[in-house]
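Working notes, structure below.
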Number of protein chains: 2
Amino acid sequence: MSPTAQRQTAEERREAVLEASRKEFAEHGLHGASTDVIARAAGISQPYLFRLFGSKKELYLESVRRCFDRTLETFRTAAAGSAGHEALRAIGLAYGELIESDRVLLQAQLQAYAGCDDPDVREVVRRGFGRLVDYVEAVSGASPADVSAFFATGMLYNVIAAMEIENSDEPWARLLCEGCRGH
Amino acid sequence: MSPTAQRQTAEERREAVLEASRKEFAEHGLHGASTDVIARAAGISQPYLFRLFGSKKELYLESVRRCFDRTLETFRTAAAGSAGHEALRAIGLAYGELIESDRVLLQAQLQAYAGCDDPDVREVVRRGFGRLVDYVEAVSGASPADVSAFFATGMLYNVIAAMEIENSDEPWARLLCEGCRGH
DNA sequence: CACATAAGTGAGTTATCACTTACAAGTGAG
DNA sequence: CTCACTTGTAAGTGATAACTCACTTATGTG
């Protein structure tokens with residue numbers, strides 16, 4: 001800490017750490033991420049990170065929660081004012097734009113799914129995903145088959161985006177993207 | 001190596017290492033896995049692992065290739081003798097059974113998707129996924145929309161299995177699984 | 001000004017990381 | 001038997017991992 005630096009509240013620092021951890025966890029996952037890198041990026045020392053969050057895993061879980069919160073918020077904003085299948089379509093479009101513009105969020109989600117063999121991670125992912133499903137069902141009033149088809153398309157789109165084949169000219173890639181846009 | 005142990009060919013050892021690495025990489029991903037743990041599980045010293053594969057990443061890439069090979073083989077076996085939408089249904093069922101019975105394979109796939117921000121991993125995943133799409137399209141003759149809906153359902157099923165909500169009694173979980181079974 | 005409390009870090013802990021070097025021993029061919 | 005080749009490891013490299021301890025310094029309040 002430089003001598004002229006102003007102190008911040010613990011809450012402000014927590015925010016800074018969570019923001020910094022987004023990228024690191026998205027790129028390397030829970031096990032691969034470095035608390036030292038995160039602390040540096042947040043502008044604090046590594047010991048202070050542990051004072052604020054207790055452990056690397058606690059920080060990760062909070063980071064995953066934020067990730068789902070962000071997605072739900074996007075859903076809400078997109079669906080505002082519409083209902084039924086119109087809302088479904090609006091949410092789908094907004095989600096596509098979201099992960100197209102924020103690859104960090106996309107990576108973070110994929111890491112969270114991959115991290116699901118850890119019970120604590122799984123629990124957080126379940127809660128986050130559950131809230132998304134609940135919301136989509138409530139706002140659209142669609143049938144179980146339609147709601148699950150909606151999320152299926154979303155999961156495929158995640159993988160398409162991860163593989164970065166949106167603009168590929170390979171036949172299988174074009175087929176997959178074309179078919180996906182149809183939904 | 002115990003004094004009575006028989007020597008094996010390098011090829012046999014490579015197989016043993018690849019088999020051992022499956023689990024470790026599936027659980028922890030490329031960055032989180034330990035070459036020491038893998039070598040021990042394969043019954044060799046850690047230095048020899050590096051002689052056989054060059055680097056941790058090379059081993060990982062080979063492991064991911066195997067993962068997709070295994071899935072494609074399952075597809076082929078399932079579709080044998082059928083065609084059209086009948087083949088699609090047979091492959092879907094076989095895939096469901098595959099990841100239900102082999103959680104390691106499921107985890108390995110999710111880790112591979114999450115690892116896609118690394119260009120080398122992405123390239124291997126692209127190739128593997130592409131072969132799956134090519135095969136499914138060829139054997140089923142289905143439309144792009146149907147093929148992509150098929151893979152979308154598969155991706156959702158991956159996440160359902162990862163979250164372990166197949167037998168959950170939460171409403172959103174039942175809705176998602178029910179809708180998914182309908183496809 | 002004094003004092004409790006909160007913010008923040010330097011220096012260390014032990015363990016493990018990927019990877020290398022140098023060397024030993026089994027094995028098949030001539 | 002011998003010699004080239006392959007299989008295999010013991011012992012180490014420096015770097016970095018998560019996390020702790022002892023300590024300092026700023027800040028709001030009476």
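In the text below, chain A, chain B and the rest are named by the order of the sequence lines, each starting its count at 1.
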Whole angstrom is fine here: how far is it from [atom1] in [X] over to [atom2] in [N]?
X        : N       : atom1 : atom2 : result
Arg51(A) : dG10(C) : CZ    : P     : 14 Å
Leu49(A) : dG10(C) : CG    : P     : 15 Å
Leu52(B) : dA18(C) : CG    : C1'   : 16 Å
Phe25(A) : dA17(D) : CZ    : P     : 12 Å
Phe53(B) : dA18(C) : CZ    : P     : 15 Å
Leu59(B) : dA18(C) : CG    : P     : 11 Å
Arg7(A)  : dT25(D) : CZ    : P     : 10 Å

Pairs flagged by salt bridge (Lys or Arg N to Asp or Glu O under 4.0 Å) wherever residues 142-164 of chain A is involved - sequence neighbours left out: Glu164(A)-Arg122(B)

Once salt bridge (Lys or Arg N to Asp or Glu O under 4.0 Å) is applied, what residue pairs with a partner in residues 74-85 of chain A remain, sequence neighbours excluded? Glu73(A)-Arg76(A)

For [X], enumerate each residue passing the side chain to side chain contact (heavy atoms under 4.5 Å, CB included) test, keeping only those at least two apart in sequence or located in another chain.
X         : answer
Glu86(A)  : Ser82(A)
Gln109(A) : Cys67(A), Thr71(A), Tyr95(A), Ile99(A), Leu105(A), Tyr113(A), Asn158(A)
Arg89(A)  : none
Ser101(A) : none

Does any pair with a residue in residues 141-179 of chain A pass ring pair (Phe, Tyr, Trp, His ring centres under 6.0 Å), and if so which ones, sequence neighbours excluded?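 Those involving residues 141-179 of chain A are Phe129(A)-Phe151(A).
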
Applying ring pair (Phe, Tyr, Trp, His ring centres under 6.0 Å), which residue pairs with at least one partner in residues 33-86 of chain B are found, sequence neighbours left out?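 Sorted pair list: Phe25(B)-Tyr60(B).
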
For nucleotides 18-20 of chain D, list the nitrogen or oxygen atoms of the protein found under 3.5 Å from its nitrogen or oxygen atoms, one pair per line.
| unit_1 | atom_1 | unit_2 | atom_2 | d |
| --- | --- | --- | --- | --- |
| dA18(D) | OP1 | Ala33(A) | O | 2.8 |
| dA18(D) | OP1 | Thr35(A) | N | 3.4 |
| dA18(D) | OP1 | Lys56(A) | NZ | 2.9 |
| dA18(D) | OP2 | Thr35(A) | N | 3.2 |
| dA18(D) | OP2 | Thr35(A) | OG1 | 2.9 |
| dC19(D) | OP2 | Lys56(A) | N | 3.0 |
| dC19(D) | N4 | Gln46(A) | OE1 | 2.6 |

Do Arg127(A) and Asp134(A) sit within salt-bridge range, that is, some charged N less than 4.0 Å from a carboxylate O?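 The answer is no: the pair does not qualify as a salt bridge.
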
Under-4.0 Å salt bridge between Arg174(B) and Glu170(B): no

Bend angle of the helix from dC1(C)-dG30(D) to dG30(C)-dC1(D), end axes from five pairs each (to 10°): 0°

Compile the donor-acceptor pairs under 3.5 Å between side chains in residues 31-44 of chain A and protein atoms, sequence neighbours left out, one pair per line.
| unit_1 | atom_1 | unit_2 | atom_2 | d |
| --- | --- | --- | --- | --- |
| Ser34(A) | OG | Asp36(A) | N | 3.2 |
| Ser34(A) | OG | Val37(A) | N | 3.1 |
| Thr35(A) | OG1 | Gln46(A) | NE2 | 2.9 |
| Asp36(A) | OD2 | Arg40(A) | NE | 3.4 |
| Asp36(A) | OD2 | Arg40(A) | NH2 | 2.5 |

I need the residues from residues 114-122 of chain B with at least one non-hydrogen atom less than 4.0 Å from DNA chain C; give them sorted by number, or say none. none

dA7(C) phosphate, OP1 or OP2, under 4.0 Å from Arg13(A) side-chain N/O: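 No, Arg13(A) has no side-chain N/O under 4.0 Å of OP1/OP2 on dA7(C).
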
Of all the choices, dT9(C), dT9(D), dA7(C), which nucleotide is nearest to the side chain of Ala10(A) once you look at every atom?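 Nearest to the side-chain atoms of Ala10(A), counting from C-beta on, is dA7(C).
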
